[in-house]
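Read the structure below first, then the notes.
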Amino acid sequence: MHDPRVLLDPTTDAVRKLARRGFHLDVESLEKLLASRNSAIHRGDEARAEAKRTAAAVRSATTEERPALVEQARELKAVVTAAETETRQLEAQLQDVLLGIPNLPADELPDGASDADAEVVRSWGEPTAFDFTPLDHADLGERLGILDLARATKLAGPRFAVLRGKGPALERALARYFLDLAAEHGYLEFSVPTLVNRETMTGTGQLPKFEQDLFKTGVGDRELYLIPTAEVPLTNLHARETLAVEDLPLAYTAHTPCFRSEAGSYGKDTRGLIRMHEFSKVELVRIVDPARSREELEVLLGHAEAVMRGLGLAYRVVKLAAGDIGFSAEFTYDIEVWLPGQQRYREIASASDFGTFQARRAGIRTKAKDGTRGFAATLNSSGMPIGRTLVAVLEQGQQADGSVRIPEALVPYTGFDVLTPD
RNA sequence: GGAAGCGUGGCAGAGCGGCCGAAUGCACUCGCCUUGAAAGCGAGAGACCCGCGAGGGUCCGGGGGUUCGAAUCCCUCCGCUUCCGCCA
């Protein structure tokens with residue numbers, strides 16, 4: 001969420017920045033709304049101050065003066081109540097408007113609105129060359145007997161997966177490897193709820209605008225949302241808290257299931273494990289001094305890249321286009337892994353700098369030694385999703401005989417170094 | 001799910017319906033003292049909102065009510081603790 005005064009300050013250049021992501025900022029109506037809210041607050045404050053003085057006067061008043069003062073106090077109270085009602089309404093309106101305004105994309109991002117407009121920053125590793133026609137992970141998985149998508153559909157519908165045998169073992173190995181790397185990089189591991197309340201979802205920006213992307217559960221009058229990523233609980237751990245600047249950066253990680261409705265992606269990636277309603281992921285979150293957020297993003301990206309390099313997976317890093325970054329982000333790098341089955345790079349992780357946007361929503365405040373107060377900056381990156389990494393491991397590791405070579409770094413976790421067809 | 005109790009500042013813990021944003025202690029900040037530290041002494045210090053500022057307002061779990069006036073009274077919701085039941 002933006003500070004409306006900053007947003008309306010011409011030097012912020014918000015209108016132009018938001019236009020890059022196709023959002024039209026209605027400056028006039030926002031200004032009007034802000035001004036009327038402020039004047040309602042002011043009016044209420046004035047009347048309340050007067051009412052307090054009058055109430056104090058009642059006490060020392062003589063019996064004759066008393067009735068008139070009491071009457072006056074009653075009238076003032078009516079004014080206060082009216083101003084408060086108006087303030088509440090205007091405040092709610094302002095909140096509605098502000099919660100719907102996306103973050104300002106950084107100027108360094110390329111123009112454009114799709115992944116085709118992303119700018120390649122660097123590539124690592126060679127797209128695997130095969131002297132046979134590589135299979136995609138779905139075929140590989142079925143042949144190896146570790147993946148059963150048909151039965152998953154029977155259980156829950158499309159976009160769910162069943163893994164069997166060495167499949168789940170590999171999943172578990174990946175998760176442990178990711179978590180161990182995260183620990184090496186200084187991340188504190190958490191185990192968090194995967195079902196969270198509305199406020200938490202609002203803090204990181206999933207709500208109110210993207211309700212249709214989430215799964216929701218309800219029992220009686222209770223409503224909880226299934227997290228689409230551990231970013232949500234991890235970032236909100238410090239919601240409505242004040243953090244000492246000298247304690248930053250905080251680096252947190254968690255391995256959780258993630259649930260996404262994938263509304264609006266009908267027909268996309270219908271095959272295999274690329275786009276699931278449920279998948280598991282190790283997430284990395286950093287809560288940092290906003291003055292250092294862009295440097296911290298580089299650090300975070302480095303940690304995510306280390307995972308890919310550790311597994312020996314060919315990948316590239318791209319800078320997303322201004323119109324393609326998420327609602328809450330101001331800068332995003334994607335890591336794209338090479339998928340031989342598709343003969344292209346596919347997104348596997350996003351590393352984003354949210355500036356103070358999420359912190360304002362969630363109320364993650366900072367206090368410096370000299371007493372200066374502000375909001376923290378939040379960052380996050382996958383580090384990595386288990387399913388998509390498994391896809392890459394299978395596809396990049398496949399061999400002519402239909403077996404799959406397991407990356408060396410994983411062998412200590414799996415206890416096997418090759419997957420062979422049943 | 002049933003019963004009882006409790007929710008006050010970073011923590012602990014006072015608080016007759018007006019003099020309470022709130023005693024006191026600890027922790028904290030700055031001075032003095034000390035070779036240094038501790039102790040001791042002195043001073044200071046809450047958060048949030050509106051305002052260029054002066055200043056004003058809000059906040060004693062949340063919401064509502066009574067009253068000229070509520071941390072204090074009433075209702076309600078939430079949370080915590082203990083006991084019972086149920087369960088992994």
Side-chain angles (χ1 to χ4, degrees), chain A residues 1-12 30-99 191-203 217-225 233 236-248 250 257 356 358-376:
Chain A
M1 189 165 62
H2 295 287
D3 175 344
R5 276 166 305 204
V6 172
L7 202 62
L8 291 170
D9 183 338
T11 63
T12 304
L30 182 58
E31 259 166 0
K32 256 174 74 183
L33 187 53
L34 185 65
S36 42
R37 177 198 67 149
N38 290 353
S39 86
I41 289 175
H42 192 66
R43 235 178 310 132
D45 284 357
E46 294 281 284
R48 207 180 294 104
E50 182 62 25
K52 281 172 82 168
R53 278 191 291 273
T54 310
V58 168
R59 198 162 180 232
S60 49
T62 63
T63 335
E64 300 83 71
E65 298 169 334
R66 223 180 152 88
L69 281 172
V70 167
E71 183 50 33
Q72 194 189 336
R74 282 214 178 94
E75 282 163 16
L76 282 166
K77 198 196 175 176
V79 176
V80 171
T81 307
E84 277 175 346
T85 306
E86 196 182 334
T87 301
R88 242 197 310 274
Q89 272 168 7
L90 291 167
E91 185 67 47
Q93 269 181 50
L94 183 63
Q95 281 292 312
D96 274 1
V97 171
L98 289 175
L99 284 173
S191 173
V192 289
T194 48
L195 222 43
V196 300
N197 58 32
R198 191 172 175 88
E199 203 177 3
T200 299
M201 280 295 182
T202 306
T217 67
V219 175
D221 56 355
R222 285 194 79 185
E223 276 192 345
L224 293 170
Y225 295 84
N236 280 289
L237 280 172
H238 293 294
R240 280 155 280 121
E241 290 182 15
T242 300
L243 307 170
V245 171
E246 59 270 23
D247 291 340
L248 304 179
L250 301 177
T356 58
Q358 291 182 326
R360 284 181 180 282
R361 292 179 158 241
I364 306 171
R365 297 170 179 277
T366 58
K367 184 179 183 179
K369 267 267 198 272
D370 67 3
T372 313
R373 293 179 168 274
F375 289 95

Give the nucleotide from the list [options] with an atom nearest to the side chain of [X].
| X | options | answer |
| --- | --- | --- |
| R365(A) | rU67(B), rC49(B), rG18(B) | rC49(B) |
| D45(A) | rG46(B), rC68(B), rG56(B) | rG56(B) |
| A49(A) | rG56(B), rU67(B), rC49(B) | rG56(B) |

To the nearest Å, how far apart are [X] [atom1] and [N] [atom2]?
| X | N | atom1 | atom2 | result |
| --- | --- | --- | --- | --- |
| R74(A) | rU66(B) | CZ | P | 11 Å |
| L90(A) | rC50(B) | CG | C1' | 14 Å |
| R360(A) | rC49(B) | CZ | P | 9 Å |
| R53(A) | rG69(B) | CZ | P | 16 Å |
| E84(A) | rG65(B) | CD | P | 10 Å |
| R43(A) | rG51(B) | CZ | C1' | 15 Å |
| E199(A) | rC78(B) | CD | C1' | 13 Å |
| F375(A) | rA47(B) | CZ | P | 14 Å |

Taking only N and O in the side chain of [X], is any of them less than 4.0 Å away from OP1 or OP2 of [N]?
| X | N | value |
| --- | --- | --- |
| N38(A) | rC49(B) | no |
| R48(A) | rG56(B) | no |
| K52(A) | rU58(B) | yes |
| R5(A) | rC52(B) | no |

Counting the atoms with a prime plus P, OP1 and OP2 as sugar-phosphate, which does [X] contact under 4.0 Å by heavy atoms, base, sugar-phosphate, or nothing?
| X | result |
| --- | --- |
| R59(A) | base |
| R37(A) | sugar-phosphate |
| A73(A) | sugar-phosphate |
| I41(A) | sugar-phosphate |

Quantified in whole Å, what is the [atom1] atom distance between nucleotide [N] and nucleotide [M]?
| N | M | atom1 | answer |
| --- | --- | --- | --- |
| rG55(B) | rA45(B) | P | 15 Å |
| rC73(B) | rU66(B) | C1' | 8 Å |
| rC52(B) | rC59(B) | P | 24 Å |
| rC87(B) | rG7(B) | C1' | 28 Å |
| rC16(B) | rA71(B) | C1' | 13 Å |
| rC74(B) | rU58(B) | P | 24 Å |
| rG40(B) | rG25(B) | P | 12 Å |
| rC20(B) | rC68(B) | P | 23 Å |

Test item: [X] side-chain N/O and [Y] main-chain N/O as donor-acceptor pair under 3.5 Å:
| X | Y | value |
| --- | --- | --- |
| T366(A) | A376(A) | no |
| T85(A) | T81(A) | yes |
| T242(A) | R365(A) | no |
| N236(A) | T200(A) | yes |
| R361(A) | L99(A) | yes |
| T62(A) | E65(A) | yes |

Pairing nucleotide - [N], Watson-Crick or G-U, each distance under 3.5 Å:
| N | answer |
| --- | --- |
| rG40(B) | rC32(B) |
| rG7(B) | rC78(B) |
| rA12(B) | rU24(B) |
| rG1(B) | rC84(B) |

Query - Whichever of T242(A) and R88(A) has its nearest RNA chain B nucleotide further upstream toward 5' - result: T242(A)
Requested in this report: By nearest nucleotide on RNA chain B, pick out whichever of L34(A) and L69(A) is the more 5' one.
Outcome: L34(A)
Report task. Take R66(A) and E71(A) through the test salt bridge (charged side-chain N to carboxylate O under 4.0 Å, His left out) and record every step on the way to the result. Result -> CA-CA 9 Å; R66(A) 223 180 152 88; E71(A) 183 50 33; over 6 Å; no
